[in-house]
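If you're wondering where the values come from, they're calculated on a predicted model, not measured in any experiment. Lettering of chains follows the sequences in order, A, B, ..., and the numbering in each one begins at 1.
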Amino acid sequence: MERRPIERVRGTQDLGTRGADALDAVRATCERRFAAHGFRRVDVPVLEAAELHLRKSGLEIISKLYAFHDLGGRRICLRPELTASIVRAAIAAPAPRLPDKVFASGPVFRYERPSRGRFRQFFQTGVEVLGAEGPLADAEVIALAGAALDDLGITGHVVTIGNVGILSDVIGRLGLTGRRRAILLESLEEARRHGIDAVRRRLATLDPDAFAPPLSVTDGTPSLPVAGGDAEAMARLVAGTSPGDLGRRTLEDVTARLVARMQGDQSHGSVDRALAFIAELGEVRGNPDAALVAGRALLEAHGLDTGPLAELEKTVDLLEAFGLDRARVRIDLGLSRGLQYYTGMVFEIEHESLGTERQLCGGGRYDDLVRVLGGRQPVPATGFSFGIERLVMARDADAGPLPEIAPATILVVPATAADVPVAIACAAVLRRDGIATALDTSGRAVRAAVTHAARANFPVVVVTSGDDPPGSCRPRALAGDGATGSPPPAPVPVPAANIGAWLDSLGIPRGRGGHHPERES
RNA sequence: GUGGCCGUAGCUCAAUGGCAGAGCACUGGAUUGUGGCUCCAGCGGUUGGGGGUUCAAAUCCCCUCGGUCACCCCA
């Protein structure tokens, strides 16, 4: 029989009490902050139809999706994020009133190469505001993320804000649509990191027609080196047309119109103009004041609507009213973020201590998602998600690791084997009093049990015996004001029902969650 | 997905082709009903897994699994 231990699945982690407590504490701190701002908890499935995430995030994401066929032959996936499910649920059961402010937490899954701060299963917590448009809603969620970080004691972070609506606007005005539009939209960061030529190369690979040379007509013989057989056939058709049939239009004019009609938006000039704009847009970043000026200059130079930039400016101004430190905020018009459903404001929060995987938070506005996922009414929406494991790492870096939490406030130890029933009864009384109480079931000597209690950070140990007056026990403080640090005379019996007040007098909290004062650092 | 580094006791690490070890932790004892310190003792390993070279492998080689760092991408 094979006895080799089963190994953990790659990219997952086993958390002991310390790690699990830290994750839970950080999640709870975030959720408390969300709730304090009027957000309400929702919960959505880990399992979803793969179609949900494919439709939302595009086919590119399929390689990172944990997807499989279930026993009924349905295509299922483990969710890679929470937003899509929340929106799906909101379409299925619309909120009675908008805006609907919700938060959700839970594990998500992405098939990626694991590294420090990156796992295949990890926890997210985040908020969504459904049914609210405009800079105020955007500013609120950004500030909410910042407030949660403040609550956690995280200080070494930077908030970067962009707006993909600007580029989206320009691409639309240039008449670029469909796949080409999608490729251009997602190339913002690529342009900055690898240069505009890298984008050009990728576009040429994925969409060979994008850079078709201009049409030319010589001697009445159209030469149309446009890729695709239909273009040639059309050229012959046009060439065979007598000039008299063309009215006042030239042959070239008609051909160009036909090409445009047949090939939609494939005008190479538009693509080149879009690429040039993308290259410039990616350079606009820095502190809010300077970047906003530069952004406005760029848009005006291209004769473009400065509306999206004005919204961005308003968002940044509102952040100050929300109490977010402006020194922490940066503008980056080249920020596009990976997931393609953002339509306006986008933002991310990075932490200096985390190395390559430094992003704590990502979010933005997604006004089209409800429609994309089948909602009948368009619902403007905005939100963000934290990566909780990364929050734990950032918190530890800025404020030191959380102190260990005691298993319980009191460890009840039977004086001898014969005293076990008394100990059980005593523990029950203490718990009824709201005091987290563990029972020592090891059977070891009292001295060893007390040593164990001290090492395990129990603030109080209680020894019970049938020899004491009924309903009483002998408590001993291992922490707090009553701790002496050396072997004392044996404590006197105290009625178990009075232990709560006794704990209060020593400044020891009753529930689990108190920390051993002498062990904190 | 590409490339580099690493993997030895529960944890942190030694052992440079020649007996697999230390500290911490854990268990018991030193006062048979009360402290973390100290002292004594004990427990603890297919050296990630598999194959190869060698008289001899934790050590060298190959494969594989896992971790990690830099890219890519993202929380």
Stacked pair Phe122(A)-A75(B), distance under 5.5 Å, angle under 30°: yes
Criterion salt bridge (charged side-chain N to carboxylate O under 4.0 Å, His left out) on Asp100(A) and Arg40(A), from CA distance to verdict: CA-CA 9 Å; Asp100(A) 190 23; Arg40(A) 305 184 70 182; over 6 Å; no
Side chain of Arg390(A) (C-beta onward), nearest among U34(B), G67(B), C74(B): C74(B)
Under 3.5 Å side-chain donor-acceptor pair for His351(A) and Asp398(A): yes
P gap between C73(B) and C63(B), integer Å: 29 Å
Donor on one side chain, acceptor on other, Ser105(A) and Glu31(A), under 3.5 Å: yes
Gap separating the CG atom of Asp368(A) from the CG atom of Leu373(A), nearest 0.5 angstrom: 10.5 Å
Residue whose closest nucleotide on RNA chain B lies nearer the 5' end, Gly11(A) versus Ile388(A): Gly11(A)
Sugar-phosphate only, base, or nothing, as touched by Ala415(A) at under 4.0 Å among non-hydrogen atoms: base
Within 45° cone of Tyr111(A) ring axis and under 6.0 Å: Arg120(A) NZ or CZ: yes
Gap between atoms CZ and C1', on Phe103(A) and A75(B) respectively (whole Å): 19 Å
Residue-phosphate contact under 4.0 Å: Thr356(A) side-chain N/O, A70(B) OP1/OP2: yes
Sugar-phosphate only, base, or nothing, as touched by Asp467(A) at under 4.0 Å among non-hydrogen atoms: base
Side chain to side chain donor-acceptor pair (under 3.5 Å) evaluation trace for Thr83(A) with Glu128(A): CA-CA 7 Å; Thr83(A) 304; Glu128(A) 317 292 345; 2.8 Å; yes
Rounded distance (Å) that lies between atom C1' of A75(B) and atom CG of Leu391(A): 9 Å
Residue-phosphate contact under 4.0 Å: Arg118(A) side-chain N/O, C73(B) OP1/OP2: no
G49(B) and G66(B), which share atom name P, separated by this distance in whole Å: 15 Å
Same-atom distance (C1') from U12(B) to C6(B), integer angstrom: 15 Å
Rounded distance (Å) that lies between atom P of A75(B) and atom CD of Gln124(A): 8 Å
Whole angstrom value for the distance that separates C1' of G48(B) from CZ of Arg8(A): 12 Å
Polar pair under 3.5 Å, donor/acceptor by atom type, side chain Ser465(A), base G33(B): yes
Minimum-distance nucleotide to Ala454(A) side chain [options: G36(B), G67(B), U34(B)]: G36(B)
Parallel, tilted or perpendicular: ring planes of Tyr66(A) versus Phe109(A), cut at 30 and 60 degrees: perpendicular
Evaluation steps, salt bridge (charged side-chain N to carboxylate O under 4.0 Å, His left out), between Arg8(A) and Asp14(A): CA-CA 8 Å; Arg8(A) 216 174 43 235; Asp14(A) 302 321; 3.6 Å; yes
Span that lies between the P atom of G52(B) and that of G4(B), in whole angstrom: 26 Å
Name of the residue among Arg79(A), Arg55(A), Arg88(A) meeting salt bridge (charged side-chain N to carboxylate O under 4.0 Å, His left out) with Glu48(A): Arg88(A)
P gap between C24(B) and A41(B), integer Å: 13 Å
Side chain of Glu357(A) - closest among G28(B), G33(B), C72(B): C72(B)
Separation of G4(B) C1' from Arg113(A) CZ (nearest whole Å): 10 Å
Euclidean distance, Ile410(A) CD1 relative to Cys426(A) SG, rounded to 0.5 Å: 7.5 Å
Val461(A) side-chain proximity, nearest of G36(B), G33(B), U34(B): U34(B)
Separation of the C1' atoms in G21(B) and U16(B), to the nearest angstrom: 16 Å
Sugar-phosphate, base or nothing in reach of Asp468(A), heavy atoms under 4.0 Å: base
Salt bridge (charged side-chain N to carboxylate O under 4.0 Å, His left out) between Asp24(A) and Arg27(A), intermediate numbers included: CA-CA 5 Å; Asp24(A) 190 57; Arg27(A) 180 193 54 75; 2.4 Å; yes
Sugar-phosphate, base or nothing in reach of Phe119(A), heavy atoms under 4.0 Å: base
Nucleotides 6-13 of chain B: protein proximity per nucleotide (B base, S sugar-phosphate only, - neither; heavy atom, under 4.0 Å): --------
Dot-bracket notation for RNA chain B, counting Watson-Crick and G-U pairs under 3.5 Å, with | for partners on another strand: (((((((..((((....[..)))).(((((.......))))).....(((((..]....))))))))))))....
Spacing of the C1' atoms in A56(B) and G17(B) (rounded, Å): 7 Å
Touch class at under 4.0 angstrom, heavy-atom based, for Gly117(A) against every strand present: base
Rounded distance in Å - CD (Glu7(A)) to P (U64(B)): 15 Å
Member of Val413(A), Thr416(A), Val446(A), Asp419(A) meeting the side-chain contact (heavy atoms from CB on, under 4.5 Å) criterion with Ser465(A): Asp419(A)
Touch class at under 4.0 angstrom, heavy-atom based, for Glu112(A) against every strand present: base
Arg365(A) and Asp367(A): CA distance, side-chain angles, deciding distance, salt bridge (charged side-chain N to carboxylate O under 4.0 Å, His left out) verdict: CA-CA 6 Å; Arg365(A) 173 162 288 281; Asp367(A) 288 346; 2.8 Å; yes
d(NE2, His157(A); C1', A75(B)) in whole Å: 16 Å
Residue Arg447(A), side-chain heavy atoms: nucleotide from U34(B), C65(B), G1(B) that is nearest: U34(B)
Which pairs, protein N/O on one side and nucleotides 24-26 of chain B N/O on the other, fall under 3.5 Å?
| residue | atom | partner | partner atom | Å |
| --- | --- | --- | --- | --- |
| C26(B) | OP2 | Arg455(A) | NH1 | 3.4 |

Per Thr451(A) side chain, nearest of listed nucleotides G36(B), G3(B), A75(B): G36(B)
P spacing across the pair A22(B) / G44(B), given as an integer number of angstrom: 14 Å
Sub-6.0 Å ring centroid separation between Phe386(A) and Phe384(A): yes
Nearest-nucleotide comparison on RNA chain B, the residue closer to the 5′ end among Ser442(A) and Val450(A): Ser442(A)
Rounded interatomic separation in angstrom, taking CZ from Arg116(A) and C1' from G66(B): 18 Å
